[in-house]
Amino acid sequence: MYKRQGLGSLKFSLIPPTLDHVTLTAVERGYTMQAKVVFLCGVNDGIFPQHSQEEGLFSDKERHRLADLGIVLGPGSRFRSFQERFLFYLGATRASERFVVSYVVADDDGSALEKASWIHQLCDKGYTAGIIRKDTKVPPGQEAEYLLALPAALDYLPGHLRPAAEGQAVDSVWWALYDWAWQHGWRHQAVRAVQGLFHTNLPVTLPEALVRRLFAPDGTLRGSVTKFEQYRSCPFAYYSRYGLGLEERPRYQFAAPDLGMLVHGALRIIGEKLLREQKQWHDIPDSEVPAICRQATDELAPQVQHDILMSNAYFAQIKERLIQTLTRTVRRLSAFSAVSDFHMEGLEKSFGRPGSPWEALRFTLKNGLHVVVTGQIDRIDTLRQGDHKYVVIIDYKSGRKQLDISQIFTGLELQLLTYMFVALLNIGGDAIPAAVLYCYVRNDRVSLEYRVSDEDKKKLYESKGKLTGFYLDDGQVMQQLDTSMQGFSDFLNLRLKKDGTLSDASHTLYNEAGWSHLLDWAARQIEDIAGHIGDGDISIHPVLLGQKAPCSYCPYRPVCRFDVAMAGNTYDAAGREDKDDMIRKMFDEGDDEHGLDK
């Protein structure tokens with residue numbers, strides 16, 4: 001009885017072999033085996049061998065230095081690279097008669113894959129009998145050797161019937177195979193074998209009734225600026241997310257959106273307290289900044305991913321680093337506030353939402369669909385000077401987003417300009433745009449080949465932590481935005497020339513008329529995007545801006561199956577004009593009327 005219980009609890013990692021059998025195993029576990037024939041599969045670059053990259057806190061060079069001092073850490077990328085080579089050697093030496101190496105030419109999405117460099121080396125040294133490629137074409141006159149049984153014979157149909165889809169002649173044997181399969185119980189398999197010849201991967205235009213049902217059930221199309229930007233980036237991605245409601249499986253992790261939500265919330269808590277006490281950022285004592293940032297973070301941390309920041313020591317350390325980042329940011333904002341005549345007037349100013357204090361952008365499409373643009377402005381600073389009120393819009397970013405005229409021209413970056421449009425609309429006729437700025441809340445990693453002092457570290461941080469954006473081309477107003485500016489500003493991407501004017505080397509300065517054209521352009525872009533949504537356009541047409549396309553990080557690529565090799569699947573190659581030409585076109589069209597309700 002005890003023997004039976006003991007044997008019953010045993011687990012075998014290898015099924016006992018029979019006389020004729022095939023063993024499937026990983027390379028790491030098969031090094032003790034020997035066989036007449038060994039197949040090594042998946043020998044593709046990046047798969048086997050895997051790419052070995054430096055990761056963690058220490059580089060390979062630093063690991064070697066620590067090892068010389070007697071501090072041994074885990075293996076680095078160089079060791080892992082040698083380990084991959086050794087595993088290939090083990091696999092290659094397990095066969096006594098024949099060794100077969102295979103690789104794939106494309107992944108599941110149809111993207112090309114490269115064979116490993118090992119295969120090139122084997123061929124160059126003459127160790128291989130040649131590369132055999134699986135072909136779906138049967139040599140003429142040898143059909144009897146290939147067409148032996150169904151359904152296997154149907155695999156050859158697509159390759160031989162493809163010319164027929166293009167209007168060319170096809171050998172009668174393939175039509176006979178298709179007809180015979182259709183008439184003898186293989187109809188479904190025959191149709192399935194050739195249906196790819198007629199696949200176009202082109203979505204249909206949604207009817208108006210379905211558009212309203214998906215995007216405007218109450219007769220009004222509502223959306224934030226970010227939503228309209230996503231549609232411009234790729235209509236089908238917008239449809240997948242907001243029409244079909246497709247979402248990635250939630251994962252218990254601290255990701256970039258969680259970081260953005262936390263830093264926005266912490267700065268909002270600190271800013272709201274200042275406004276309640278009628279104070280500005282420079283009124284915060286420097287010694288109290290760390291405690292204030294910690295208190296704001298502790299208040300918000302339980303709301304992030306089910307209190308993930310307190311789940312273990314790793315995330316607790318991330319929380320501490322986040323507090324350090326916030327502390328640096330608040331000190332930077334305090335220093336900027338101390339040298340600026342502008343004052344913070346509003347935080348988290350929402351518009352177009354229930355209970356919002358500000359009116360939204362509204363317009364009506366030609367098909368009668370009402371559109372409401374909603375949003376929330378992180379921060380508004382103002383300066384009253386005579387009969388004018390100068391307005392600055394600040395948006396907090398945990399990433400490295402840059403305001404670029406080419407992205408505004410193509411409709412991919414409309415958020416800050418739309419926020420300024422709304423602010424001017426609600427503040428009144430005496431409001432003048434002074435700047436739209438991104439404020440970065442992050443600690444960038446900088447690699448240097450030499451040791452730096454704490455003072456140098458501070459300068460490096462400050463140089464990367466400048467607020468960037470577009471400004472009013474008025475030297476006097478910008479000097480009030482940063483009263484300490486002498487030459488290059490320590491806080492803004494601005495340079496003051498000796499004659500008191502501003503240097504514009506990167507298309508960031510615009511006079512009042514230029515600002516009017518920019519804001520009108522952004523408004524018309526949103527109206528144009530809304531019009532395409534209302535027309536039911538869900539085309540698979542991602543924007544290609546330079547060499548960047550949204551497909552590389554799009555979660556809906558397995559759904560759309562975008563492939564430039566297929567007819568009709570093309571990029572929207574936008575923004576190829578020179579920046580001066582873009583500005584000229586925006587300004588030339590700026591006088592046209594649009595349908596916005598002001």
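What you see is a predicted model; the values in this text were computed from it and never measured.
- Among residues two or more places apart in sequence or in another chain, the salt bridge (charged side-chain N to carboxylate O under 4.0 Å, His left out) test is passed with Arg384 by Asp430.
- Evaluation of the ring-ring contact (aromatic ring centres under 6.0 Å, His included) rule for Tyr238 yields Phe215, Tyr231, Tyr242 as partners, not counting sequence neighbours.
- Remark: Asp387 CG is loosely packed, at most 12 non-hydrogen atoms of other residues, nucleotides or ligands lying under 6.0 Å away.
- In this structure, the separation between CE on Met485 and CG on Leu492 is 7.0 Å, given to the nearest 0.5 Å.
- Counting heavy atoms from C-beta outward, Leu262 and Asp258 have side chains that stay 4.5 Å or more apart.
- In this structure, Gln407 CD and Leu412 CG are separated by 5.5 Å, a value rounded to the nearest 0.5 Å.
- Taking SG from Cys439 and NZ from Lys466, the interatomic distance works out to 14.0 Å, rounded to the nearest 0.5 Å.
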**Report entry** Residue pair Arg65, Asp68: steps toward the salt bridge (Lys or Arg N to Asp or Glu O under 4.0 Å) verdict
**Finding:** CA-CA 5 Å; Arg65 291 177 180 176; Asp68 294 339; over 6 Å; no
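- Checked against ring-ring contact (aromatic ring centres under 6.0 Å, His included), Phe336 has the following partners two or more places apart in sequence or in another chain: Phe491.
- A salt bridge does not link Glu248 to Arg251: none of the charged nitrogens lies less than 4.0 Å from a carboxylate oxygen.
- Counting heavy atoms from C-beta on, the side chains of Met478 and Asp482 never come closer than 4.5 Å.
- Take Tyr510 and apply the ring-ring contact (aromatic ring centres under 6.0 Å, His included) test, not counting sequence neighbours, and it matches Phe470.
- Applying the side chain to side chain donor-acceptor pair (under 3.5 Å) criterion to Thr382, with sequence neighbours excluded, gives Glu345.
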Requested in this report: Show your working on side-chain hydrogen bond (donor to acceptor under 3.5 Å, both in side chains) between Tyr440 and Ser398 and close with a plain yes or no.
Outcome: CA-CA 6 Å; Tyr440 302 108; Ser398 55; over 6 Å; no
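- When the ring-ring contact (aromatic ring centres under 6.0 Å, His included) test is applied to Phe409, the partners found at least two apart in sequence or on another chain are Trp521.
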Query raised in the report: Step by step, would you call His507 with Asp580 a side-chain hydrogen bond (donor to acceptor under 3.5 Å, both in side chains)?
Result: CA-CA 9 Å; His507 302 94; Asp580 290 326; 2.8 Å; yes
Report task. Assess whether salt bridge (Lys or Arg N to Asp or Glu O under 4.0 Å) is satisfied between Arg232 and Asp528, documenting all intermediate values. Result -> CA-CA 10 Å; Arg232 181 65 185 92; Asp528 182 65; over 6 Å; no
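- When side chains are defined from C-beta on, Ile526 counts as touching Val373, because their heavy atoms get closer than 4.5 Å.
- Pairing each heavy atom of Leu496 with each of Gly500, the nearest pair is CD1-O, 3.4 Å.
- Residues passing the side chain to side chain donor-acceptor pair (under 3.5 Å) test with Ser81, sequence neighbours excluded: none.
- Checked against side-chain contact (heavy atoms from CB on, under 4.5 Å), Ser453 has the following partners two or more places apart in sequence or in another chain: Glu455, Asp456.
- A distance of 9.5 Å separates CG in Leu509 from OG1 in Thr501, rounded to the nearest 0.5 Å.
- Looking at Leu518 and Ile405, their side chains come closer than 4.5 Å, going by heavy atoms from C-beta outward.
- Within a 6.0 Å sphere centred on NZ of Lys497, other residues, nucleotides and ligands contribute more than 12 heavy atoms.
- One distance of note links CG of Leu414 with CD1 of Ile529; it measures 5.5 Å at 0.5 Å rounding.
- In this structure, OG1 on Thr220 lies 8.0 Å from CZ on Arg362, to the nearest 0.5 angstrom.
- Few gaps surround CD on Gln253; more than 12 heavy atoms of other groups in view lie less than 6.0 Å from it.
- Not a single donor-acceptor pair under 3.5 Å links the side chain of Ser350 to the backbone N or O of Gln376.
- For Leu244, the side-chain contact (heavy atoms from CB on, under 4.5 Å) criterion is met by Tyr239, Leu246, not counting sequence neighbours.
- Residues Val330 and Ile270 form a side-chain contact, since some pair of their non-hydrogen atoms from C-beta on lies under 4.5 Å apart.
- By the 6.0 Å contact criterion, CD on Gln295 is open, its count of non-hydrogen atoms from other residues, nucleotides or ligands being 12 or less.
- With sequence neighbours excluded, the residues satisfying side-chain contact (heavy atoms from CB on, under 4.5 Å) with Glu288 are Pro285, Ile292.
- Look at Glu320 and Arg294 and you find a salt bridge, because one of the NZ, NE, NH1 or NH2 atoms lies within 4.0 Å of a carboxylate O, short of that distance.
- Within 6.0 Å of NZ on Lys273 lie no more than 12 heavy atoms contributed by other residues, nucleotides or ligands.
- Contacts of Asp378 classified as side-chain contact (heavy atoms from CB on, under 4.5 Å), with partners at least two apart in sequence or in another chain: His264, Glu348, Asp395, Tyr396.
- The side chain to side chain donor-acceptor pair (under 3.5 Å) check on Asn312 picks up nothing, with sequence neighbours excluded.
- No more than 12 heavy atoms of other residues, nucleotides or ligands sit less than 6.0 Å from atom CD of Gln476.
- The two atoms that bring Phe421 and Ala523 nearest to each other are CE1-CB, 4.0 Å, heavy atoms only.
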Requested in this report: List the steps and the verdict of side-chain hydrogen bond (donor to acceptor under 3.5 Å, both in side chains) for Tyr471 and Asn493.
Outcome: CA-CA 9 Å; Tyr471 305 88; Asn493 60 327; 2.3 Å; yes
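- A salt bridge links Glu413 with Lys401: the closest approach of a Lys/Arg side-chain nitrogen to an acidic carboxylate oxygen falls below 4.0 angstrom.
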